[in-house]
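Here's the structure we're looking at; comments come further down.
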Amino acid sequence: MNINTPENTEQLRDKMVADLRDLDAIRSDAVEKAFRAVPRHLFAPGEPLEQVYAAEKAVITKTDSNGINISSVSAPRIQAFMLEQAGIHPGMRVLEVGSGGYNAALIAELVGDEGEVTSIDIDPDITDRARRFLDEAGYERVNVSIVDGEEGEPKHAPYDRIIVTAGTWDIPPAWTGQLADGGRLVVPLRVRGLTRSIAFEREGDHLASRDYELCGFVQMQGAGENQLRLAVLHDEEGEEVALRLDDDQQVDTARLREALGRPRAEAWSGVTLGGFEPWDQLELWLATAVPDFALLAAKRPARDKGIVATASPMGTATLINGASFAYRTTRPLNEERTTFELGAIGHGPDAQETAERLVEQIRVWDRDHRTDQARFEVHPAGTPDDKLPAGRVIDKRHTRVTISWPQRQS
């Protein structure tokens with residue numbers, strides 16, 4: 001079914017909304033009403049309707065000369081939970097950093113006729129497309145500007161809500177400066193290689209998280225651009241293995257490449273996960289607890305050949321220990337593969353010790369933090385250490401980001 005008729009689009013929209021409810025992405029009547037009101041297919045012309053209205057499907061709208069996606073209409077599930085995180089009410093003034101049109105139309109539905117929506121992007125192709133589609137869909141009142149996202153848009157500030165729809169490594173002063181008192185910033189922030197959509201509110205001189213969700217986004221362009229770096233450990237055709245590094249971390253790639261070729265060591269934690277349990281909280285804990293953290297990314301042929309025991313293209317939590325490293329892995333505990341034990345595989349001269357160190361942090365997570373939520377805070381760069389909460393500190397260009405977890409009494 002790909003015939004664009006009112007009946008077909010209405011059926012597909014109904015199914016999308018039902019799926020988003022089932023996924024707990026839509027939680028409020030206001031957000032559901034917005035998704036029912038905005039015709040998503042008008043913002044992705046020429047795309048198959050079943051894909052346009054699929055809850056988990058993004059629509060790529062632009063790639064660069066290397067084939068890297070640089071703009072998209074995000075998947076409805078991500079758009080829905082970010083709107084829920086933002087808590088937008090009628091009459092609010094909202095800034096969207098990273099344009100596309102559809103999400104701005106959803107926001108326009110939420111703020112109503114008394115509110116104001118401003119959508120900005122650094123790419124004139126994207127803003128032209130957004131302006132055209134918004135006008136065609138009846139959302140002429142949305143402001144669209146060509147602006148580097150790092151600068152925000154002071155023309156319509158202050159904003160009750162700022163929603164960033166591109167992956168960002170830092171939070172520039174313009175965003176916090178243009179946020180109204182009592183406002184909320186929702187941003188896909190990358191820390192130690194992991195991206196979470198975090199809802200921040202101001203607490204005194206800093207921002208503090210209210211909640212967060214796992215997500216993925218095309219990266220910010222312009223002054224705020226900051227890409228992950230790769231330390232390639234194995235690069236035979238189709239069998240690539242690399243460490244994804246963030247936050248200016250430096251490693252001895254040659255020694256770690258040599259380590260991968262040495263016999264591996266294993267350590268097992270006794271901690272189990274069900275086959276469908278999410279990994280993201282464990283990964284976030286390890287990123288917090290491990291001093292030299294990276295993500296080991298590998299293609300499936302590298303796993304099939306036995307070079308590594310993971311095939312995650314996005315990366316698996318890894319502890320770097322000088323010339324050695326260890327990464328998280330699992331093994332099934334039954335034939336049905338419904339229960340898995342968490343462990344670590346190490347390489348290098350200190351492979352066993354490194355694997356055991358990573359496994360110990362898996363045990364700490366299971367004992368103390370398995371049901372916990374982390375707390376993110378964003379403090380201005382230059383904030384003294386004694387003014388920061390206990391936890392992992394990640395220094396960035398404009399800010400010092402902290403990740404902390406509830407403290408357990410011994």
task = Go through Met220 and Val164 one step at a time and tell me if the side-chain contact (heavy atoms from CB on, under 4.5 Å) criterion holds.
result = CA-CA 9 Å; Met220 183 79 70; Val164 183; 3.9 Å; yes
Donor + acceptor pair across side chains of [X], [Y] (<3.5 Å):
| X | Y | answer |
| --- | --- | --- |
| Glu96 | Asn103 | yes |
| Thr354 | Ser324 | no |
| Asn143 | Glu116 | yes |

For residues 292-304, tabulate all N or O donor-acceptor pairs below 3.5 Å that involve a side-chain atom, not counting sequence neighbours.
none

Do [X] and [Y] have side-chain heavy atoms sitting under 4.5 Å apart?
| X | Y | answer |
| --- | --- | --- |
| Asp181 | Arg202 | yes |
| Pro76 | Arg13 | no |
| Lys396 | Val191 | yes |
| Glu377 | Pro389 | yes |
| Glu213 | Met82 | no |
| Thr316 | Thr329 | no |
| Glu56 | Leu23 | yes |
| Glu109 | Lys33 | no |

ask   = Is Asp135 salt-bridged to Arg132, going by a charged N under 4.0 Å from an acidic O?
value = no
Interatomic spacing from [atom1] in [X] to [atom2] in [Y] - rounded to 0.5 Å:
| X | Y | atom1 | atom2 | value |
| --- | --- | --- | --- | --- |
| Ile162 | Leu179 | CD1 | CG | 5.0 Å |
| Leu134 | Phe43 | CG | CZ | 5.0 Å |
| Leu189 | Ser197 | CG | OG | 10.0 Å |
| Arg77 | Met16 | CZ | CE | 14.0 Å |
| Ile107 | Gln79 | CD1 | CD | 9.0 Å |
| Arg363 | Leu358 | CZ | CG | 10.5 Å |

List the atom of [X], the atom of [Y], and the distance in Å for their closest heavy-atom pair.
| X | Y | result |
| --- | --- | --- |
| Ala174 | Gly152 | CB-N, 4.1 Å |
| Gln178 | Glu151 | NE2-O, 3.0 Å |
| Gly275 | Phe340 | CA-CE1, 3.9 Å |
| Ala104 | Val117 | O-CG1, 4.0 Å |
| Arg229 | Gln250 | NH1-NE2, 4.0 Å |
| Ala242 | Val232 | CB-CA, 3.9 Å |

query = How far apart are the C-alpha atoms of Asp125 and Arg129, what are their side-chain angles, what is the distance that settles it, and do they pass the salt bridge (charged side-chain N to carboxylate O under 4.0 Å, His left out) test?
reply = CA-CA 6 Å; Asp125 290 342; Arg129 177 187 175 98; over 6 Å; no
query = Is there any side chain to side chain donor-acceptor pair (under 3.5 Å) pair reaching into residues 385-394, and which pairs are they, with sequence neighbours excluded?
reply = Asp385-Arg400
note = Residues passing the side chain to side chain contact (heavy atoms under 4.5 Å, CB included) test with Thr195, sequence neighbours excluded, are Pro188, Arg190, Cys215
request  = Determine, stepwise, if the pair Asp235 / Arg257 fulfils salt bridge (charged side-chain N to carboxylate O under 4.0 Å, His left out).
outcome  = CA-CA 10 Å; Asp235 58 2; Arg257 190 183 182 101; 3.0 Å; yes
query = Around Glu336, counting heavy atoms of other residues, nucleotides and ligands shown, do more than 12 lie under 6.0 Å from its CD?
reply = yes
ask   = Which residues satisfy the ring-ring contact (aromatic ring centres under 6.0 Å, His included) test with Tyr53, sequence neighbours excluded?
value = His41
note = By ring-ring contact (aromatic ring centres under 6.0 Å, His included), Phe200 pairs with (sequence neighbours left out) none
request  = Just do the side-chain contact (heavy atoms from CB on, under 4.5 Å) check on Ile171 and His398 with the steps written out, would you?
outcome  = CA-CA 7 Å; Ile171 295 179; His398 301 299; over 6 Å; no
task = Tell me, with the steps shown, if Gln361 and Leu286 meet side-chain contact (heavy atoms from CB on, under 4.5 Å).
result = CA-CA 7 Å; Gln361 290 304 327; Leu286 292 175; 3.7 Å; yes
request  = Output, in order, the C-alpha distance, side-chain angles, deciding distance and verdict of side-chain contact (heavy atoms from CB on, under 4.5 Å) for Arg370 and Leu273.
outcome  = CA-CA 11 Å; Arg370 188 160 182 156; Leu273 280 177; 2.9 Å; yes
Candidates Glu240, Glu239, Glu237 - the one meeting salt bridge (Lys or Arg N to Asp or Glu O under 4.0 Å) with Lys305 = Glu239
key: Residues Lys57, Glu47; criterion salt bridge (charged side-chain N to carboxylate O under 4.0 Å, His left out); working and verdict   = CA-CA 11 Å; Lys57 290 282 188 181; Glu47 299 292 331; over 6 Å; no
ask   = Asp148 side chain to Ala223 main-chain N or O, any donor-acceptor pair under 3.5 Å?
value = yes
ask   = For Ala287, does its backbone N or O pair with a side-chain atom of Arg192 as donor and acceptor, under 3.5 Å?
value = yes
task = Indicate the ring-plane relationship of Tyr327 and His347, choosing parallel, tilted or perpendicular according to the 30° and 60° boundaries.
result = parallel
message = Test: ring-ring contact (aromatic ring centres under 6.0 Å, His included). Region: residues 142-191. Which pairs qualify, not counting sequence neighbours?
response = none
request  = Only one of Thr168, Asp170, Val378 passes side chain to side chain contact (heavy atoms under 4.5 Å, CB included) with Val187; say which it is.
outcome  = Thr168
